[in-house]
Amino acid sequence: MAPSKRPTHALSLVPRPSLPASISAVVPCFNEEEVLSELHRRLSATLESVGVPYEIVLVDDGSRDRTWEMLQDLRGRDPHLKIVKLARNFGHQLALTCGLDQAHGSAVIILDADLQDPPELLHDMLKLWQQGYDVVYGKRQQRAGESISKKVFAFLFYRIFARVTGFELPSDSGDFRLMDRRAVDLLQAMKERHRFIRGMVSWIGLNQTPLEYKRPERFAGTTKYPFKKSLFLAIDAITSFSYAPLRMASYLGAMISALAFLYILVVIVLKLRGINFPGYTSIMASMLLLGGVQLVVLGLIGEYVGRIFEQGQSRPLYLVDRVVGEPLQNGK
Ligand code: UDP
Ligand code: MG
């Protein structure tokens, strides 16, 4: 697949005269016991104030704290909640995929549980939805309370991703977004296992627009995205959008072969003039260098082969243990 540039958005805006018939909010939760009550309070106050039927889909991604008990408790008090318990921890992107499968609103807002994505921005997102946008994504103007290393990692990732894949991702946006049902259905039709959802949404096209916001600190608790998970997401992102790294391996091979050819010429000329090199050091150096390069390239190919293998197994993307909730009125 040739990498495709992100299409220019906002080509065909058709204003929508009224609000969506219903709204779903989707929130993946992993060990979030400290934030759930406050999240529920602010999110339901916002959804109530919009004045259309709504549901809140909360997915417990195999938490090991009291998240599930708290979700059951909240659900007991609020029938707008639909709570889903995954069989184990499947990771943020798959928990989100499960939430989107369970959401039936004609517009869907995705947010993090920790209130770093302020629910109150729904009103501004809906205004843009009414102007005809299918996807309104949050763009972070400022990131409060994030470590320098995380900011540097994010900065580098967006630039390297654009460079390597040739596909421009809106920079500094997470998964916080409002999506029209049309966009959700297109996203969910993609059955790939290694999901990089913000990239996949961008890839869909349609009419998309950013909404700038200041990202506050996590309300409570600690990040559930340690460096290792962020790195794996970045690798998934690049490998699922391009095979350019494989092509780079071919370029590297061609370059090394050209250098080796030049080196052979030099050695032959010197030999004809009666100059001989003692060989051990240069042989060891080139052998170790080439061995290293070959293993790295093999590992790179392995990344792609492993993904083909997992996709070929076609296991379900996630497994659900339990779901509690009523169907949404005016859904889909
Ligand atoms: N999350 C999840 N499964 C995981 C890791 C994270 O469902 O394996 C959820 C988490 O509960 C939160 C969201 O993904 O709602 C984003 O995580 P977090 O806020 O810790 O990431 P950060 O904002 O630090 O990047
Ligand atoms: Mg967070």
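No hydrogens, no waters, no symmetry mates; every other heavy atom, side chains included, goes into these values. Both counts, for ligands and for their atoms, begin at 1 and track the order of listing. Computed from a predicted structure; not experimentally measured.
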**OP:** Assess the side chains of Arg195 and Thr97: does a donor N or O sit below 3.5 Å from an acceptor N or O?
**Re:** yes
Original post:
At a 4.0 Å threshold, what atoms of ligand 1 neighbour a non-hydrogen atom of Pro28?
Top reply: 7 (O), 9 (C), 10 (C), 11 (O), 12 (C), 15 (O)
Original post:
Which ligand 1 atoms, with their elements, are less than 4.0 angstrom from a heavy-atom of Arg215?
Top reply: 23 (O)
Original post:
In terms of the angle between their ring planes, are Phe157 and Phe161 parallel, tilted or perpendicular, with boundaries placed at 30° and 60°?
Top reply: tilted
Subject >> Side chain, backbone, both or neither: Cys29 near ligand 1, heavy atoms under 4.0 Å >> reply: backbone
Original post:
Among protein heavy atoms, which lies nearest atom 24 (O) of ligand 1, and at what distance?
Top reply: Thr223 OG1, 2.5 Å
Original post:
Can you tell which of Arg181, Gln208, Arg182 makes a side-chain hydrogen bond (donor to acceptor under 3.5 Å, both in side chains) with Asp134?
Top reply: Arg182
Original post:
When you measure from atom 14 (O) of ligand 1 to every protein heavy atom, which one gives the shortest distance, and what is it?
Top reply: His92 CD2, 3.1 Å
Original post:
Relative to the heavy atoms of Asp61, which atoms of ligand 1 are at a distance of less than 4.0 Å?
Top reply: 2 (C), 3 (N), 4 (C), 7 (O), 8 (O)
Subject >> Identity and distance of the protein heavy atom lying nearest atom 21 (O) of ligand 1 >> reply: Tyr225 CD1, 3.5 Å
**OP:** With heavy atoms under 4.0 Å as the rule, classify the contact between Asp112 and ligand 1 as side chain, backbone, both or neither.
**Re:** both
Original post:
Can you tell me the N, O or S atom of Asp114 that's nearest the Mg ion (ligand 2)?
Top reply: OD2
Original post:
Can you tell which part of Asn89 has a heavy atom less than 4.0 Å from ligand 1: side chain, backbone, both or neither?
Top reply: side chain
**OP:** Check ligand 1 against Lys229 and write out every atom of the ligand that is under 4.0 Å from a heavy-atom position of the residue.
**Re:** 4 (C), 5 (C), 8 (O)
**OP:** Is it possible for you to check whether Arg88 lies under 6.0 Å from the centre of the six-membered ring of Phe90, through NZ or CZ, and within 45° of that ring's axis?
**Re:** yes
Subject >> Distance-only side-chain donor-acceptor flag, Gln141 / Asp172, under 3.5 Å >> reply: no
**OP:** Could you list the atoms of ligand 1 found under 4.0 angstrom from a heavy atom of Lys150?
**Re:** 22 (P), 24 (O), 25 (O)
Original post:
Tell me: protein heavy atom nearest atom 23 (O) of ligand 1, and distance?
Top reply: Gln116 OE1, 2.7 Å
Subject >> Distance filter under 4.0 Å to Lys224 heavy atoms, resulting ligand 1 atoms >> reply: 5 (C), 6 (C), 18 (P), 20 (O)
Original post:
Quick check: does Thr223 put an N/O/S atom under 2.8 Å from the Mg ion (ligand 2)?
Top reply: no
**OP:** Would you mind checking which non-hydrogen protein atom is closest to atom 1 (N) of ligand 1, with the distance to 0.1 Å?
**Re:** Phe30 CB, 3.7 Å
Original post:
Could Lys82 and Glu326 be called an ion pair, given the rule that one side-chain N must be under 4.0 Å from one carboxylate O?
Top reply: no
**OP:** Go through the side-chain N and O atoms of Gln188 and Asp101 and say whether any donor and acceptor fall under 3.5 Å apart.
**Re:** yes
Original post:
Would you say the ring centroid of Phe153 lies under 6.0 angstrom from that of Phe227?
Top reply: yes
Original post:
Distance from Ser106 atom OG to Ile23 atom CD1, nearest 0.5 Å?
Top reply: 8.0 Å
**OP:** Select one of side chain, backbone, both or neither to describe which atoms of Glu32 lie under 4.0 Å from any atom of ligand 1, heavy atoms only.
**Re:** side chain
